[in-house]
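Some notes on the structure that comes next.
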2 protein chains.
Amino acid sequence: MSRAAYHHGDLPQQAHQQALDILRAESDTAISLRAIAKQIGVSAPALYRHFADRETLLAELAITGFQWLRDRLRQVEQDDPRKALLHIGLAYVSFAQDEPHLYRLMFGGRILPKGAHPRLDEAGLEAFRVLESTLARGQREGYLKPLPLPLMTATAWSLVHGLSELIIDGHLPGADAEPRLAESVLTLLLHGSRNEPESHTEDTTP
Amino acid sequence: MSRAAYHHGDLPQQAHQQALDILRAESDTAISLRAIAKQIGVSAPALYRHFADRETLLAELAITGFQWLRDRLRQVEQDDPRKALLHIGLAYVSFAQDEPHLYRLMFGGRILPKGAHPRLDEAGLEAFRVLESTLARGQREGYLKPLPLPLMTATAWSLVHGLSELIIDGHLPGADAEPRLAESVLTLLLHGSRNEPESHTEDTTP
DNA sequence: TAACATTGTTAACACCGATAACATAACATC
DNA sequence: GATGTTATGTTATCGGTGTTAACAATGTTA
């Protein structure tokens, strides 16, 4: 063997990239440490010098995914708070559509149990805070009902997350036929679902 | 070997139950055909006489999951259409909370690719139709805005699905502290998120 | 240069899903 | 009742996986 290549020097980054490529092309289950090692040209146990185990490698992928999502949400124009909410939702769904396998890994749940990878939890929280602060701003500016912020964020996040998953899993056949579905769904939440525009602000806990 | 036990007679049902037990206690990844076979007291390849492969067995579990979900949604009182919508949403989230691993399997996406198991797709559709028909009834009775039904169902389903996943994955810490979170979130969608109760029914596609 | 830490290696363990070839039981038909 | 067919088991085996142990080579530093 060429003695220059014994210490690879770039192994963790290359393994990370390789795993990401496989994830995008196939799914998380298709990620095999042995296959990655072979592709890079290194023995399989070498990976264990840089990743505690397979799950930790997957967690690293999910972390970068949350960073990308956070960045994309931050890039949304925040001029008009009404449009900001819609556009943040659209950016969120677009991210899931652009990176379906990565998104599933980030929110898989069964994989990557919460609490096992603190940096992952923190990365998820950072992305979440972008959504939260936008909602808080909408409330401050009087555009949104002055309901408890956790309730607002839970509702908004549930909608965009659920919509993202249903779309990328093909449960909403209208997603392809109707490219503005996400826009309509988000607008429906923003405008409310009630027919009679009564002011039932006290009625949230009947 | 006791000749009476050669033909087991109850193998598929027992394998199904065993897999379901493992799924509930651990996760879908913990389901191993070999382990199931050993527990039942049969050789591993015997399972292949009843299930094409591991994925098909998982699909069977998901099918029964969708049937349970459908039944629980059907059991919801439908007297008051306004309450019916809320209660169907609550029943949906409760199911996910009661059967988190099963719910993740049903909506995992990465596993059980859509189209690969027609009976599974049909079972999912049946559960979906309960939600759809309740929404349609709400529109007929004038309680809900006369928006396109696919838009209404996509929105409602996205919300309950997203809420369910975020809760069972522990992303909404308020779920334990605030048992009425689901109720509040669903009510928020029903009442609308807008502060000014204008009638923007034409404004869904700005 | 010698000691040490880092980062590779090969060998091996304990699993896994899946298939092939074969054996037994149940059953249908003459 | 004997016989051929089908259903349902068996054992043996293949190729694959994550992971660990024991060892070797390189890089770093006193």
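A, B, ... follow the sequence lines: proteins, then strands. Residue 1 opens every chain.
Rounded to whole Å, the distance from CG on Leu47(A) to P on dT10(C) is 14 Å. Rounded to whole angstrom, the span from the CD1 atom of Ile22(B) across to the C1' atom of dC16(C) amounts to 14 Å. Put simply, CG on Asp10(A) is 14 Å from C1' on dT7(C), counting in whole angstrom units. Here the P atom of nucleotide dC15(C) and the CD1 atom of Ile36(B) are 16 Å apart, to the nearest Å. Rounded to a whole Å, the NZ atom of Lys38(B) is 16 Å from the C1' atom of dT10(D). As rounded to whole Å, 14 Å separates atom C1' of dG27(D) from atom CZ of Arg49(A).
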N/O donor to acceptor pairs below 3.5 angstrom from side-chain atoms of residues 67-75 of chain A, sequence neighbours left out:
from: Arg70(A); atom 1: NH1; to: Glu126(A); atom 2: OE1; distance (Å): 2.5
from: Arg72(A); atom 1: NH1; to: Asp98(A); atom 2: OD2; distance (Å): 3.3
from: Arg72(A); atom 1: NH2; to: Asp98(A); atom 2: OD2; distance (Å): 2.9

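Between the side chains of Tyr92(B) and His87(B), no donor-acceptor pair is found at a separation under 3.5 Å.
Among dT10(C), dT19(C), dG9(D), the nucleotide with an atom closest to any side-chain atom of Ala46(B) is dG9(D). Nearest to the side-chain atoms of Leu33(B) among the listed nucleotides dA22(D), dA18(C), dT20(D) stands dA18(C). Distance from the side chain of Tyr48(A) is smallest to dT19(D) among dA18(C), dT19(D), dC23(D).
Against DNA chain D, the stretch residues 51-63 of chain B makes no heavy-atom approach under 4.0 Å. At a non-hydrogen distance threshold of 4.0 Å, Ile31(A), Ser32(A) from residues 25-32 of chain A come into contact with DNA chain D.
Taking Asp21(B) as the reference, nothing meets the salt bridge (Lys or Arg N to Asp or Glu O under 4.0 Å) condition, with sequence neighbours excluded. Under the salt bridge (Lys or Arg N to Asp or Glu O under 4.0 Å) criterion, Arg137(A) pairs with Glu141(A), sequence neighbours left out. Take Arg140(B) and apply the salt bridge (Lys or Arg N to Asp or Glu O under 4.0 Å) test, not counting sequence neighbours, and it matches no residue. In this view, Arg24(A) and Glu99(A) satisfy the salt bridge (Lys or Arg N to Asp or Glu O under 4.0 Å) rule, not counting sequence neighbours. Under the side-chain contact (heavy atoms from CB on, under 4.5 Å) criterion, Glu26(A) pairs with Ile22(A), Ala30(A), not counting sequence neighbours.
Both Arg34(A) and Ser43(B) lie near DNA chain D, and the one whose nearest nucleotide falls closer to the 5' end is Ser43(B).
Residue Ala62(B) comes nearest to Leu120(B) through the heavy atom pair CB-CD1, 3.6 Å, listed as atom of the first residue, atom of the second, then distance.
Remark: His50(B) is not in phosphate contact with dA7(D), judged by side-chain N or O atoms under 4.0 Å from OP1 or OP2.
Counting only residues at least two apart or in different chains, salt bridge (Lys or Arg N to Asp or Glu O under 4.0 Å) contacts with residues 39-68 of chain A comprise Glu60(A)-Arg119(A).
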